[in-house]
Number of protein chains: 2
Amino acid sequence: MKGIRRLAQHLDISIGTVSRALNGKPDVNEETRRRVLQAAAELGYVPNQSGRSLRQGTTNIIGFMMQTGTEITGQGDIFFMSVFDGVQAVFARHKLDLVALLCSSEEDPSDYLRRVVARGFADGLILSATQRDDPRIEFLAERNIPFVTLGRSLTDAGQPWLDLDFEGMAQASIDRLVARGHRRIAITRPHDDINLGYIFVDRCRRALAAHGLALDEDLIFRSTPNEAGGYQIARDLLALDEPPTAIVLINETIAIGFYQALSEAGVKPGRDIAVIGRYSPHAHFLSPPLTCFRLSLRDLGIALAETLLSAMPAFKDHYPQAPANRVWQMELVEGESDPFRAPRR
Amino acid sequence: MKGIRRLAQHLDISIGTVSRALNGKPDVNEETRRRVLQAAAELGYVPNQSGRSLRQGTTNIIGFMMQTGTEITGQGDIFFMSVFDGVQAVFARHKLDLVALLCSSEEDPSDYLRRVVARGFADGLILSATQRDDPRIEFLAERNIPFVTLGRSLTDAGQPWLDLDFEGMAQASIDRLVARGHRRIAITRPHDDINLGYIFVDRCRRALAAHGLALDEDLIFRSTPNEAGGYQIARDLLALDEPPTAIVLINETIAIGFYQALSEAGVKPGRDIAVIGRYSPHAHFLSPPLTCFRLSLRDLGIALAETLLSAMPAFKDHYPQAPANRVWQMELVEGESDPFRAPRR
DNA sequence: GTGAAAGCGCTAACAG
DNA sequence: CTGTTAGCGCTTTCAC
């Protein structure tokens, strides 16, 4: 004898009553409920999730889909761990469990998602690394699976999303660099079709135009989101006939390689070239400290969770005011990598 | 009508036959099987996991348990992402799915694990960040849940484990530094009770003793496994009356902060102090390049998966030769941070 | 080679 | 307030 049946037998009451007692149904004698809860604790009883899911059609699991190839997302363990921590803080209130759904780099993300959904694995989903055109979005929307994306996409099915404020970062970076005397400003973009790259480049272009400047196509550097990518950017940049005097780096990790390649060439950030990037734990520890845009990843996770829950019928009442779409502000942390520029010559 | 029933109706055969056809049972007419598979593909049928689990008592899911607080694990940016990718490469062969079980920093890991197990969530588990005494190990062993740990522990239930060769790293580092003229050698250890810290410190002590040297307790620096921890170590170290001439860093991430604090004090790695650390993508991009110990994280993941599967009755036949316990070699990458030491005075 | 039917553990509807 | 029972989707006997 196993499971709820065993518990019921142990208490000499019916399994129905045990179930109701455990699930906090009102029509249970308080004394009975107390006995059930105590016995459950003693016997270490926890309801079998498969049985429960099969009956209720819900799993109490929220899946956070991510790709495991390191060069794909551009985010590392730390980024996601921090976000997860915030997400969980919210889910814990509702006894929802967060699991990371790990799509191998060898599998097509859409196929993977299809499998996850068909299996009835999760009650809701969080998608990260949204692509410019992202078939996953349509797929989930068609099936009425509650989900939220971390990142926007041209694929719009009216889904809720949260995204970092890359426009704000672009605008502020360009304005700041221009104000500091720069006219020839480079930017970077991801090597793949992740949506944020488009947003960032577009806004940089417009911000420059507002200052009467054009974005030189040769000053848009594509790179993989890692140290090696940053290194390569610096090498390419220094090889130009007329290098830029400033650059805005879109990824966190590329700063290290970028600094190193400059250093090898005897070029010093802050003195010979202005650099603005994204905050990461090592940004402070570069020399000179990187001027960068920071955000609270944990708070982002919290917002992500609340937005998702507000899209789920079972929880929406708890989060009536959660915004369905939102760009997440980043805060400028002043470093020493982009001082005012000494007038040339 | 849903699920397998719908598929059966569509084909006008019984659900039993559909099930057998889909699951590759031998007693099915090949023509029938072909029709079933085709219809399944057309209708996008995927068996419901809850129904299947309930019936079979197995989920085809392997859980990789990890803690989500960022200061906990002590691994670099992309440590887990890379390991996951290797694990999945193996699991894909057996149609097993890997999910990361994310224990919030606010929850006790043992409680979390208990819940996961009781729910029948996964067929097997991988535990990371094993503590010196780790109750999770006993818990799983008692219940006969197949699992493998990434990391050893004093808690020994005969479980399979894989661990990095911290002894080898300790021994090689000490030998190398001594050979290069160092007598006063510092080491670092994690701030918490993770098991690897004990292994590392013990072996360093013995390696030094073999050279007739004592490990000075003041030269064992505890730190959180992040940039700030490394920064603090360097500050503390430089404040000593008699600073060490060399140091071995146990974590990947601390090198950056460590280098920075040295730099601020005008102390140059490789010239004024020898440094040996762990490889991470930025190790090359430090100046001077860090001499460090590297391993293939993806291969580690593959080995981890194979070791787990060899402990699972359903798969053990495929992996007869997988070692149940194994320290994973790391390879020394020569940088320029620990040259031969100019004799003093 | 196929169909019919039992039953995995659980919750919810219903009867008392 | 409690017991009884149907049935969630699936796999696996057991007949035929």
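Letters A, B, ... mirror the listed sequences (proteins, then strands); counts begin at 1.
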| Range on DNA chain D touched by chain B, heavy atoms, distance below 4.0 Å | D/dG9 to D/dT13
| request: Using whole Å, report how far CZ of A/Arg6 lies from P of C/dC8. | output: 16 Å
| NZ of A/Lys25 versus C1' of C/dC10: gap in Å, rounded? | 12 Å
| A/Gln49 CD to C/dC8 C1': how many Å, rounded? | 15 Å
| field | Interatomic spacing from CZ in A/Arg34 to CD in A/Glu30 - rounded to 0.5 Å | value | 10.0 Å
| said: Heavy atoms only, 4.0 Å cut-off, all strands: where does B/Gly16 land among base, sugar-phosphate and nothing? | reply: base
| Between C1' of C/dG1 and CD of B/Glu31, the distance in whole Å | 13 Å
| query | Within a strict 4.5 Å, meaning less than it, do heavy atoms of the A/Leu125 and A/Leu101 side chains meet? | reply | yes
| field | Separation of C/dC14 P from A/Arg20 CZ (nearest whole Å) | value | 14 Å
| said: Between A/Arg52 and C/dT11, is there a contact of a side-chain N or O with OP1 or OP2 at under 4.0 Å? | reply: yes
| request: Taking only Lys NZ, Arg NE, NH1 and NH2, and the carboxylate oxygens of Asp or Glu, determine whether B/Arg35 and B/Glu42 approach each other closer than 4.0 Å. | output: no
| said: Between C1' on C/dT2 and CZ on B/Arg33, what's the gap in Å once rounded to a whole number? | reply: 13 Å
| said: Check for me whether B/Arg6 meets the cation-pi criterion with B/Tyr45, that is, NZ or CZ under 6.0 Å from the six-membered ring centre and within 45 degrees of the ring axis. | reply: no
| field | Test item: side-chain donor near acceptor, A/Ser153 and A/Asn195, under 3.5 Å | value | no
| remark: In whole angstroms, the gap separating C1' of C/dT11 from CZ of B/Arg119 amounts to 16 Å
| remark: In whole angstroms, the gap separating C1' of C/dA12 from CG of A/Leu22 amounts to 15 Å
| query | Less than 4.0 Å between a side-chain N and a carboxylate O, is that true for A/Asp163 and A/Arg326? | reply | no
| request: Find which nucleotide of DNA chain D each of B/Ile4 and A/Asp12 is nearest to by heavy atoms, and output the residue with the more 5' nucleotide. | output: A/Asp12
| said: Reading DNA chain C from 5' onward, which residue's closest nucleotide shows up sooner: B/Ile13 or B/Gln56? | reply: B/Ile13
| note | Closest to the side chain of B/Asp27, out of C/dG9, C/dT2, C/dA12, is C/dT2
| Is the shortest distance from a Lys or Arg side-chain nitrogen in A/Lys25 or A/Asp27 to a carboxylate oxygen in the other one below 4.0 Å? | no
| message | If you only use heavy atoms from C-beta on, which nucleotide in C/dG3, C/dT11, C/dG9 is closest to the side chain of A/Asn48? | response | C/dG9
| request: Pick base, sugar-phosphate or nothing for A/Thr32, based on heavy-atom distances below 4.0 Å to the nucleic acid. | output: sugar-phosphate
| query | For DNA chain C, whose closest nucleotide is more 5', that of A/Ser50 or that of A/Thr17? | reply | A/Ser50
